[in-house]
> 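Have a look at the structure that comes next, please.
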Amino acid sequence: VFLDIEMENINGLSIASSLPKGTCFIFTTAYLQYALDGFNLDAVDYLHKPFAYSRFKAAMEKAFRRIEYADTARKGQSLVVKQEYNNVSIPLDDILYIEAMEGYVKIYREGDECTISRVILKNIGSQLPEKDFIRIHRSFIVGRSKIKSFNKREVNLKNGMKLPVGRQYSADVMALLS
């Protein structure tokens, strides 16, 4: 839903507060002073008029990510990816780690199963709950519950696998896992 704030005989903030929980909405308005109120109502974004197409596109991508995440959460905490010509549903609890491989990802699962999908790691990462997964390297995302031990350079998984921690991710890994 796209909402303006000040409209004739009606206020966009009151409309937003009456929308069903989980409704995805973006404010598009010339009134910057209402931005905090908008975010307090859980708006996806706040587009200040006049806005550029690139800003509109970024807001739409945010909205699509939120909708996809909500769909994933409703499907019993699973990740749905395409493998060859089929959709594969992977329970989040089964994911050990995900590795980037030049335009593909390889999802390593418990029980020595792997799923390969033609998608980039950044897009997979945006579909995963931040509380359960952490990016440790430009090529790896790890399930937090699968980590046995860690330091600034390496993460050891419960299955014995060791994965490198990228320099740019090292501070985040130490802060988020400590």
> Quick check for you: to the nearest 0.5 Å, what is the distance between Lys158 atom NZ and Glu110 atom CD?
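Rounded to the nearest 0.5 Å, the NZ-CD separation comes out at 9.0 Å.
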
> Applying the side-chain contact (heavy atoms from CB on, under 4.5 Å) criterion to Leu163, which one of Ile136, Ile141, Ile147, Leu96 satisfies it?
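So, applying the side-chain contact (heavy atoms from CB on, under 4.5 Å) to Leu163 and each of Ile136, Ile141, Ile147, Leu96, only Ile136 qualifies.
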
> Does Phe25 belong to the same Ile/Leu/Val/Met/Phe/Trp/Tyr cluster as Phe51, with side-chain heavy atoms less than 4.5 Å apart forming each link?
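No.
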
> Taking all atoms of both residues into account, what is the closest heavy-atom pair of Ile26 and Ala59, and its distance?
CD1-O, 3.8 Å

> Once rounded to the nearest 0.5 Å, what's the spacing between atom NZ of Lys162 and atom NZ of Lys148?
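Here the rounded value is 9.0 Å.
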
> With heavy-atom distances below 4.5 Å as the criterion, would you say the side chains of Ile116 and Val105 are in contact?
no

> If we only count heavy atoms from C-beta on, is the Tyr108 to Met161 side-chain gap below 4.5 Å?
no

> For a side chain to side chain contact (heavy atoms under 4.5 Å, CB included) check, start with the C-alpha distance between Val80 and Val88, then their side-chain angles and the critical distance, and finish with the verdict.
CA-CA 5 Å; Val80 177; Val88 178; over 6 Å; no

> Calculate, to the nearest 0.5 Å, the distance between atoms CE and CD1 belonging to Met7 and Ile5 respectively.
8.0 Å

> Is there a side chain to side chain contact (heavy atoms under 4.5 Å, CB included) between Lys146 and Tyr97? Walk through the geometry before answering.
CA-CA 8 Å; Lys146 310 303 182 191; Tyr97 66 97; over 6 Å; no

> For Glu84, I'd like to know if atom CD has over 12 heavy atoms of other residues, nucleotides or ligands within 6.0 Å.
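12 or below, so no.
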
> Indicate if Leu47 and Phe27 have the same hydrophobic cluster label, given that clusters are the connected sets of ILVMFWY residues with side-chain heavy-atom separations under 4.5 angstrom.
no

> Is there side-chain contact between Tyr46 and Tyr34, with at least one heavy-atom pair below 4.5 Å?
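Answer yes - side chains close enough.
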
> Is Asp42 salt-bridged to Arg66, going by a charged N under 4.0 Å from an acidic O?
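Between Arg66 and Asp42 there is a salt bridge, with a charged N closer than 4.0 Å to a carboxylate O.
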
> Just so I know, are the side chains of Val155 and Phe140 near enough to count as touching, which here means a heavy-atom distance under 4.5 Å?
no

> Looking only at heavy atoms, what is the nearest atom pair of Pro20 and Thr23, with distance?
O-OG1, 2.7 Å

> Side chain to side chain contact (heavy atoms under 4.5 Å, CB included) for Val81 and Arg118? Distances and angles first, verdict last.
CA-CA 9 Å; Val81 296; Arg118 187 178 180 138; over 6 Å; no

> Is it true that Arg144 and Asp132 make a salt bridge, defined as a side-chain N closer than 4.0 Å to a carboxylate O?
no

> Ser78 versus Leu92: any side-chain heavy-atom pair under 4.5 Å?
no

> When rounded to the nearest 0.5 angstrom, what distance separates OG in Ser117 from CG in Asn86?
11.0 Å

> If you compare all heavy atoms of Leu3 against all heavy atoms of Ala16, which two are closest, and at what distance to 0.1 Å?
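Smallest interatomic distance, heavy atoms only, reads CD1-CB, 3.8 Å.
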
> Is a salt bridge present between Lys49 and Asp4, judged by a nitrogen-to-oxygen distance below 4.0 Å?
yes

> Treat each ILVMFWY residue as a node, draw an edge where side-chain heavy atoms are under 4.5 Å apart, and state whether Tyr53 and Met60 are in one component.
yes

> If only side-chain N and O atoms count, and only distance matters, is there a donor-acceptor pair under 3.5 Å linking Lys82 with Asn87?
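Yes, a side-chain donor-acceptor pair sits under 3.5 Å.
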
> Minimum heavy-atom separation for Ile134 to Val173, with atom names?
CD1-CA, 4.0 Å

> Do Met101 and Ser139 touch side chain to side chain, with heavy atoms closer than 4.5 Å?
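When only atoms from C-beta onward are counted, Ser139 and Met101 do not touch, as no gap falls below 4.5 Å.
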
> Are Lys106 and Cys114 packed together at the side-chain level, in the sense that at least one heavy-atom pair is separated by less than 4.5 angstrom?
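Side chain of Lys106 against side chain of Cys114, heavy atoms only: contact under 4.5 Å found.
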
> Counting neighbours of CZ on Arg55 that are heavy atoms of other residues, nucleotides or ligands and sit closer than 6.0 Å, is the number greater than 12?
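Counting other residues, nucleotides and ligands, CZ of Arg55 exceeds 12 neighbours.
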
> Give, for atom CZ of Arg65 and atom CD of Gln127, the distance between the pair rounded to the nearest 0.5 Å.
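Rounded to the nearest 0.5 Å, the CZ-CD separation comes out at 10.5 Å.
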
> Are Tyr104 and Val142 connected in the hydrophobic side-chain network, where two residues link if heavy atoms are under 4.5 Å apart?
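The answer is no; the residues belong to distinct hydrophobic clusters.
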
> Between Phe56 and Phe2, does a ring-ring contact (aromatic ring centres under 6.0 Å, His included) hold up when you go through it step by step?
CA-CA 11 Å; Phe56 170 79; Phe2 287 90; 5.8 Å; yes

> Between atom CZ of Arg135 and atom CD1 of Ile98, what is the distance when rounded to the nearest 0.5 Å?
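Rounded to the nearest 0.5 Å, the CZ-CD1 separation comes out at 10.0 Å.
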
> Any idea which heavy atoms bring Ser170 and Val165 closest together, and the distance?
CA-CG1, 3.7 Å

> Assigning hydrophobic clusters by single linkage (Ile, Leu, Val, Met, Phe, Trp, Tyr; side-chain heavy-atom cutoff under 4.5 Å), is Leu128 placed with Leu177?
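In one cluster: no.
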
> Check whether any side-chain heavy atom of Glu130 lies under 4.5 Å from a side-chain heavy atom of Leu176, and answer yes or no.
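Glu130 vs Leu176: side chains apart.
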
> Heavy atoms only: give me the nearest His48-Ala30 pair and the separation to one decimal.
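Closest heavy-atom pair between His48 and Ala30: NE2-O, 3.2 Å.
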
